[in-house]
Structures are given as C-alpha cells and as structure tokens.
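Because only heavy atoms are used, hydrogens play no part in the values below, and waters and symmetry mates are left out as well, while side chains stay in.
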Amino acid sequence: MNALDFEGIRRAYRKGRDVLDGVTFSVAPGQVVGLLGKNGAGKTTLIRIAMGMIEPQGGQVRLFGLDPRQDPIEVKRRVGYVSEEQILPPFLSIRDAFDLHRRLFPTWDADLARDLSEGFELPLGSRIRTLSKGQARRVALVCAVAHRPELLLLDEPASGLDPAARREFLETSIRLLNETGSSILFSSHYMTDVERMADRIVMIHGGKVLVDRGLDDLRERFSLAIVPRTPGLAGDRIRSLAACVSVRERGDAFHAVLRLEPGEARASLARELGVVEAACKAIALEDLFVELAGGRP
Amino acid sequence: MLLHVNAGDELPIYRQIVRQVADSIAGGRIKPGDQLPSHRDLAAQLVIAPLTVKKAYDELEREGLIETQRGRGTFVRERPPATVAAESRERLREAARRLLTQAALCGVPFEDVVRVLEEAKEKTTERTDS
C-alpha cells in the first residue's frame with residue numbers, strides 16, 4: 001500500500017481560481033519525492049491537505065489508505081511534519097515540547113530525540129519563543145522524526161536556514177531513511193538538496209502535475225536545446241514537436257526542453273524542423289525548473 | 001577510496017559514484033577483494049539518498065566491477081570479466097573523440113596527444129604500484 005495517494009485533488013482560493021486543479025500522484029513506501037513548483041503553485045496547500053489541515057474541494061487524499069480527516073489520530077501518529085511556519089507552542093520549553101510529543105506518540109524514541117538534540121546543541125531549558133529561527137526549526141525536526149514516522153512531510157523545511165543547518169536537515173532525513181525506511185515528500189527551492197534526496201520529482205504547474213518522473217530519468221532522458229532564432233522558425237513550430245515540453249524565448253535563441261536524450265534531440269530538430277545548429281545538452285535540475293516554470297503558459 | 005559528490009553537476013549523483021569507483025578500480029586505489037561501504041554508510045557519509053547508492057552499486061555490478069555477497073557486503077571483483085567488448089570499445093572511442101576535440105581546440109598536435117597519454121599511463125601505473 002502506498003504511503004500517500006493524492007487523487008484528483010482540487011482546491012480553489014481567491015474566488016474560484018483553482019490553485020490545485022486535479023492533482024494525482026502517489027508516494028510509495030521508502031520513496032523520496034521532491035515536490036517542485038513556483039511560489040503559489042499550491043505545494044503548501046497540497047501538503048496541508050495531506051495533513052488534514054485543509055479539506056480538498058474535490059478528489060481524495062489517503063495516507064496508508066486512511067483519510068486524514070476521518071482518522072486524524074491514527075494518521076498523525078504515523079506522520080512527521082515540518083513546515084516553514086513555527087507551529088510549536090511558543091511558551092513551552094524545548095524539554096516540555098519533547099515531553100508533550102512523547103506522550104502523544106507511542107513510538108517516540110527518546111534515545112533518538114536525545115541524540116539529535118545533542119547533535120543540534122539545543123538548549124533544552126529554553127522556551128520555544130526565545131529561539132532563533134534555525135533553532136526552532138531544529139526542534140520542529142526532532143519533534144517530527146523522533147517517533148520514527150512512516151511518512152515525513154516537509155514543506156520548505158530549509159527556507160531561511162544557513163547552509164550548515166540545511167545540511168543537518170538532510171543528514172537527519174537520510175538517517176531516518178536509513179534506519180526506519182520512511183517515505184518522504186518534501187518541497188524545496190534548493191535544487192541541490194532535491195538532487196541529493198529525491199528519487200522522484202513531481203512538479204506542479206498551473207494547478208496540475210506537469211512532471212512526474214524518476215530524478216535520474218529526468219536528468220538523463222531530457223535535454224535542453226538552444227535553438228538560434230532564424231526567420232521562419234517560430235516558437236510554435238518547436239512546440240509542435242511531440243517530445244517538446246516547453247519553449248522559452250531568450251534573446252536570439254529559443255530554449256526548448258525536449259523529452260529526448262541530447263543526441264536524439266539534435267537528430268529530431270534536424271529531421272523535423274531542419275534545424276542543424278542547435279546546441280543540445282543534458283539538463284541540470286535548476287535549469288529544468290527555470291525552463292518549465294518560465295516556458296509554459 | 002575517497003568519494004565525493006557534487007549535487008548540481010551535469011552528471012547525476014549515481015553516475016558520479018559509478019565513475020569514481022570505476023576510476024579507483026582502474027587506478028588500483030582499490031583492489032580485488034576490497035570491501036565497499038554499505039549503502040547506508042555511504043549514503044550517510046555523502047549525504048545522499050540510500051537508493052542512489054543502491055542504484056550506483058547495481059550499475060557497477062552490471063558492469064562486472066563489483067559483487068554483492070549475501071550477508072557479507074559488497075566487494076571489488078577478483079577478475080573483472082571482459083565486459084561486452086563492443087560496448088567498452090564504443091565508450092573508449094567516445095572518450096577518444098572528446099580528447100581529440102579538446103586537443104584541437106588547444107591547438108595540440110596529435111603526436112603530443114600520444115605523449116600526454118603515455119604520461120597518464122605512467123601515472124596510473126605508479127598509483128597501482130604504490
């Protein structure tokens with residue numbers, strides 16, 4: 001059974017404008033899925049729907065086959081969640097916050113919590129509200145992983161953190177993967193973090209899933225073609241290629257993302273459009289993001 | 001064997017590992033029978049997903065460079081079998097083309113490229129001996 005299933009999720013904000021317009025994808029056990037999308041694409045909304053914090057207006061969400069609004073306790077016990085926002089009670093000390101979680105979660109692993117807090121050098125007696133952003137996020141991370149959840153939901157966990165703290169987040173997530181075999185769904189704007197962690201990429205664009213692929217597959221089977229602009233070659237002609245994912249006009253050239261290896265992309269452009277001087281190369285994740293986000297209506 | 005990965009590199013991370021392990025074997029820095037770190041240890045050490053390490057090891061195993069012995073771990077193979085000859089030939093040709101392109105761009109004549117290859121060969125042998 002999948003750790004997480006989204007099926008046809010719809011959710012509108014702002015007077016009938018759909019943020020999510022039929023989003024369907026799953027996270028298999030042990031899988032790490034990187035959720036990408038521009039600001040406002042609906043990543044946070046989607047993760048909150050999985051947490052049962054927001055109700056979808058259409059479609060359904062299941063965690064381990066359960067509805068998070070029907071079985072909130074069962075679901076929450078098996079899930080860990082860290083978001084950009086600080087959600088722990090500000091008046092509690094770190095130690096009290098851990099105690100609270102220990103009582104709520106039967107599977108709480110006190111050794112793991114201690115080990116992580118020592119590694120993070122957390123001042124256990126300090127109140128949450130006196131902590132720096134980085135410290136508060138670390139506390140949230142300990143609270144999210146110490147019960148060894150089967151599914152970890154991370155919503156921009158690294159935003160606003162310095163590189164050292166970001167690295168600790170990755171290390172802790174990898175430890176959880178190694179020791180517990182958890183599944184992870186995480187959104188991030190740090191493409192190098194995504195590359196380190198993710199097996200699969202899901203990119204949300206225009207309210208729908210635009211890309212759902214293995215990371216290495218994306219990196220090895222897609223290419224970026226830089227096609228010089230010539231009279232008679234309109235972006236639409238490139239767009240008409242079956243393998244074309246996006247086209248962006250950049251100065252004297254078109255940037256096209258093609259669902260082909262670089263060699264095939266070159267051959268296809270020559271064969272179908274008579275373009276011979278295109279430069280085609282494998283695409284880095286960051287470029288892929290920029291091209292797709294900017295090259296689609 | 002010191003592995004390092006660069007997220008954001010043109011090569012996917014698992015390919016970087018495959019290449020570095022293969023280079024270490026070719027250069028004699030790791031020898032037949034040497035044990036490789038476990039998936040988990042290498043994942044923790046490089047801060048990458050354990051599945052990525054598994055993918056790299058699977059590929060190295062397919063290429064006949066390493067083998068996994070159940071319950072014992074992953075080892076460099078005693079005698080790397082001759083891989084599919086045509087395939088390795090083609091890979092070599094590809095590398096040669098890149099080398100010659102590079103040489104042409106730098107204006108290095110072919111005879112000098114041969115000399116560079118000989119120097120590189122001596123270096124590789126030194127490493128194997130040490």
So which heavy atom on B:D23 is nearest to which on B:R29, and how close?
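For B:D23 versus B:R29, the nearest heavy atoms are O-NH2, 3.2 Å.
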
Which heavy-atom pair separates B:I30 from B:V76 by the least distance, and what is that distance?
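Here B:I30 and B:V76 meet closest at CD1-CG2, 3.9 Å.
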
Is any residue of residues 9-20 of chain B within less than 4.5 Å of chain A by heavy atoms, and which ones?
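Residues B:D9, B:E10, B:L11, B:P12, B:I13, B:Y14, B:R15 are the ones that qualify, each having a heavy atom under 4.5 Å from chain A.
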
Min side-chain heavy-atom separation [X]-[Y] under 4.5 Å:
| X | Y | answer |
| --- | --- | --- |
| A:F222 | A:L258 | no |
| B:V21 | B:L36 | yes |
| A:E156 | A:T44 | no |
| A:D216 | B:K55 | yes |
| A:V211 | A:V209 | no |

Atom group of A:L170 that falls short of 4.5 Å from chain B, counting heavy atoms
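A:L170 touches chain B through backbone and side-chain heavy atoms alike.
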
For A:E171, is it the side chain, the backbone, both or neither that has a heavy atom under 4.5 Å from a heavy atom of chain B?
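Both backbone and side chain.
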
Using the ring of each side chain (for Trp, its six-membered ring), is B:Y57 parallel, tilted or perpendicular to B:H39, with breaks at 30° and 60°?
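If you compare the ring of B:Y57 with that of B:H39, the planes turn out perpendicular.
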
Going by atom types alone, do B:T74 and B:E67 pair a side-chain donor with an acceptor below 3.5 Å?
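Result is no, nothing qualifies.
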
Just to be sure I understand the criterion: a residue of residues 179-203 of chain A counts if one of its heavy atoms is under 4.5 Å from a heavy atom of chain B. Which ones qualify?
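Within residues 179-203 of chain A, the residues under 4.5 Å from chain B are A:T192, A:E195, A:R196, A:M197, A:D199.
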
With the threshold set at 4.0 Å, does a side-chain nitrogen-carboxylate oxygen contact exist between B:E59 and B:R62?
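A salt bridge links B:E59 with B:R62.
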
